[in-house]
Protein chains: 2
Amino acid sequence: MSLRHGLLGLLVDGPASGYDLLKIFEQSLAFVWPATQSQLYGELNRLADDGLVVVSDEGQRRRKEYTITPAGRADLEHWLTDIEPNRIRRNDAMLRVFFLGTLEPVQAKAYLEREAAVHEAFEQLLIDQARDTNWEAGTFNRYGRLVIESGIRYAHTQGEWARWAAGEIDELGPPTKRSGAS
Amino acid sequence: MSLRHGLLGLLVDGPASGYDLLKIFEQSLAFVWPATQSQLYGELNRLADDGLVVVSDEGQRRRKEYTITPAGRADLEHWLTDIEPNRIRRNDAMLRVFFLGTLEPVQAKAYLEREAAVHEAFEQLLIDQARDTNWEAGTFNRYGRLVIESGIRYAHTQGEWARWAAGEIDELGPPTKRSGAS
DNA sequence: CATGTCATGTAATCCGTTACATGATTAC
DNA sequence: GTAATCATGTAACGGATTACATGACATG
C-alpha cells in the first residue's frame, strides 16, 4: 500500500493530475519507491473509488485533476503514525556477494570494484542534485532534503564497504569447489 | 530471477532438499532476499524443468535432493558476471519521510527516533551474529562475512542519519498546510 | 497535416504472499 | 497413538512490469 500513500502524500501539497504526479514521482520518490504510469493511473482510480481522493476538475485533453479528501488525509496520517514500515529490503547486488566464492578471485574482485564505482558515482549524483535544488519551496521539499541526505550517506558507506570488501578478496583466497571437484 | 540464482548458488555448496534450502535461506539470505516456502518449492521444480538442477536422490518422507547441473553452474556464473544487478531499492520507511511534514513536528520527530532505535537494535543483532558465527567453514560463509559487514555498516549509518534527522526537525519548523487551510 | 507532448487507459505476465492441504517419520 | 518435525505441494490474490492502444491539443 505504499504507492497509494505516496500518491496521497503528494496530493497534500495541492491538487494534481495523474500526469503531474507521474512527473513528480520520477524526479523525487522514484529512488525510494518507483512506480510505472500504468500502476499510478490504476491506483488513482482505486483511491477515487474508495473516497480518499475526488476528481476536482476535468481539464483539457481528458485531464482529470485529483484532490485529497478529509478521509484521504486521515488515511495518510494513520499510515504515517500507526502502521509499521515494511522492513524487507531486497538487495540483488548484495545477494550476489554470497556467491562470489564460486568465481575466480579476479572476477570476484572486479565485481566489488564495479559496485564501488557505481555507488561512488551515485553519491556524486545525489550531492550535485542536493546542491542544485531549492530547498526553500514547500514542506515536501524540506523533508525531501532529509531523504536525499540519507541517500548520500548510504551511497557513501556502500562505496566504502565495496572498496574494503574488494581488498578482503586477496585474503579469502581461491574458491573451494564442492560437489563436482574436491 | 534472483530467487532462482540464490538457489543455484546454495546448491554449489552441495546437494540439498527444498527443506534444507529453506532453512539456509531463513538464516542467511533472508535479510537480502527473503523467500517463502511456497515460492522456493515452486522455483526448484522450474529449475529442474529447465535442466539447471536434477533430482539426484529421493529419500525418506518424500524428500527430493537436488544437485546443480553444469548448465546450472554456467547459468549462475553468467548471472554473476554478465547481468547488471537490479538497483531498485524500495524503501517504505524512507518514503514516509517525504511526508513527515504533514504531521505535527513532535510526531515527525518520534517517527525518526523510532527509526533510529530500530536501526541501532538491528546493528547490535548483526554484531552479535557476526561474533557468534564460525567464519571458517565453507566458501559460502566466508563471503557471508562480507555481507554481514555491509549490513552492520548500513544499520549504523541509518541509525546515525535518523538521529541527525530527528534533530533537524526543530529547525524545519511547523508544517505548511496547503489546500485545505492557507 | 504531421509530429510532439499531454493525458489516460487496458491486458498479459511475473513474482511474491498467505492460506490451505497433506503425507511420512520420529519421539514420547 | 498422538504430537512434533520433516517434507512437499496447490490455489487465490495482490502488486509491479511491459506492451499496447488511444485520444486531444499545440506547433510548425
Side-chain angles (χ1 to χ4, degrees), chain A residues 1-8 10 15-27 29-50 53-66 79 83-92 95, chain B residues 1-8 10 15-27 29-50 53-66 79 83-92 95:
Chain A
M1 300 269 89
S2 292
L3 168 61
R4 157 166 284 226
H5 294 103
L7 291 171
L8 286 176
L10 292 180
S17 69
Y19 192 81
D20 295 336
L21 293 166
L22 184 61
K23 293 302 161 65
I24 302 172
F25 246 90
E26 280 166 1
Q27 298 164 29
L29 310 189
F31 283 110
V32 298
W33 206 272
T36 59
Q37 175 258 70
S38 239
Q39 219 187 334
L40 200 145
Y41 284 112
E43 193 61 47
L44 280 169
N45 283 319
R46 259 170 269 132
L47 282 164
D49 290 346
D50 296 346
V53 303
V54 286
V55 178
S56 48
D57 191 27
E58 307 211 18
Q60 293 198 317
R61 296 173 174 187
R62 307 184 148 192
R63 177 190 172 95
K64 290 198 279 181
E65 194 177 71
Y66 292 94
W79 177 69
I83 313 283
E84 264 293 285
N86 185 352
R87 307 282 174 190
I88 293 171
R89 318 272 300 111
R90 288 201 158 78
N91 190 338
D92 183 0
L95 178 64
Chain B
M1 301 271 88
S2 293
L3 168 61
R4 157 166 284 226
H5 294 103
L7 291 170
L8 287 176
L10 292 180
S17 69
Y19 192 81
D20 295 337
L21 292 166
L22 184 60
K23 293 303 161 65
I24 302 171
F25 246 89
E26 280 166 359
Q27 298 163 27
L29 310 189
F31 283 112
V32 298
W33 207 273
T36 59
Q37 176 258 69
S38 236
Q39 218 188 335
L40 200 147
Y41 283 112
E43 193 62 48
L44 280 169
N45 283 319
R46 260 169 267 132
L47 281 164
D49 289 346
D50 296 347
V53 302
V54 284
V55 178
S56 49
D57 191 26
E58 307 211 17
Q60 293 198 316
R61 297 174 175 185
R62 308 184 149 190
R63 177 191 172 94
K64 290 196 280 180
E65 194 178 71
Y66 292 95
W79 178 68
I83 313 284
E84 264 294 287
N86 184 352
R87 307 282 173 192
I88 294 171
R89 317 272 301 111
R90 287 200 158 79
N91 190 337
D92 183 0
L95 179 63

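Each chain gets a letter, A, B and so on, in the order the sequences are listed, and its residues count up from 1.
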> Are the charged groups of A/Arg46 and A/Glu43 less than 4.0 angstrom apart, N to O?
yes

> Does CZ in A/Phe25 sit with more than 12 non-hydrogen atoms of other residues, nucleotides or ligands closer than 6.0 Å?
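More than 12 heavy atoms, drawn from other residues, nucleotides or ligands, come within 6.0 Å of this atom.
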
> So what does B/Arg90 touch, heavy atoms closer than 4.0 Å: a base, only the sugar-phosphate, or nothing?
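Result for B/Arg90 = sugar-phosphate.
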
> Tell me the interatomic distance from A/Leu3, atom CG, to D/dT17, atom C1', rounded to whole angstroms.
13 Å

> Is B/Asp92 reaching over with its side chain to a backbone N or O of A/Asn86, donor-acceptor style, under 3.5 angstrom?
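A pair under 3.5 Å: yes.
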
> Please report, rounded to the nearest Å, how far the P atom of C/dA7 is from the CD1 atom of A/Ile24.
12 Å

> How long is the straight-line distance from CG of B/Leu8 back to CG of B/Leu47, given to the nearest 0.5 Å?
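It comes to 5.0 Å.
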
> Respond yes when some side-chain nitrogen or oxygen of B/Lys23 is under 4.0 Å from OP1 or OP2 of D/dA7, and no when none is.
no

> In whole angstroms, how far is the C1' atom of D/dA26 from the OH atom of A/Tyr19?
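That distance rounds to 13 Å.
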
> Rounded off to whole Å, could you give me the CZ-to-C1' distance for the B/Phe25 and C/dT17 pair?
15 Å

> Would you say the side chain of A/Asp20 lies within less than 4.5 Å of the side chain of A/Tyr66, judging by non-hydrogen atoms?
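Heavy-atom side-chain distance check fails, nothing below 4.5 Å.
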
> Measure CZ/B/Arg62 against C1'/D/dG9 and give the value in whole Å, please.
9 Å

> Below 3.5 Å is the cut-off: list the nitrogen or oxygen pairs between protein and nucleotides 26-28 of chain C, distance only.
unit_1: C/dT26; atom_1: O4'; unit_2: B/Arg61; atom_2: NH2; d: 3.2

> For A/Asn86 and D/dG14, what is the distance between atoms CG and P respectively, to the nearest whole Å?
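Rounded to whole Å, this separation is 17 Å.
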
> How long is the span from the OH atom in B/Tyr41 to the NZ atom in B/Lys64, to the nearest 0.5 Å?
10.0 Å

> Mapping B/Lys64 and B/Ile88 to their closest nucleotides on DNA chain D, which lands nearer the 5' end?
B/Lys64

> B/Tyr41 side chain N/O closer than 4.0 Å to the phosphate oxygens (OP1, OP2) of D/dT8?
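Yes, such a contact exists.
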
> Evaluate the side-chain proximity of A/Leu29 to A/Ile24: yes if any heavy-atom separation is below 4.5 Å, no if none is.
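Sidechains of A/Leu29 and A/Ile24: no contact.
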
> What is the distance from CG of B/Leu21 to P of D/dG9, rounded to the nearest Å?
13 Å

> Tell me if a side-chain donor or acceptor on A/Arg90 pairs with a main-chain N or O of B/Pro34 at a distance below 3.5 Å.
yes

> Rounding to an integer number of Å, can you tell me how far B/Arg63 CZ sits from C/dT25 C1'?
13 Å

> B/Gly18 and B/Leu44: which non-hydrogen atoms are nearest, and at how many Å?
CA-CD1, 3.4 Å

> Restricting both atoms to N or O, compile the protein contacts to nucleotides 18-21 of chain D shorter than 3.5 Å, with distance only.
unit_1: D/dT18; atom_1: O4; unit_2: A/Ser38; atom_2: OG; d: 2.8
unit_1: D/dA19; atom_1: N6; unit_2: A/Ser38; atom_2: OG; d: 2.9

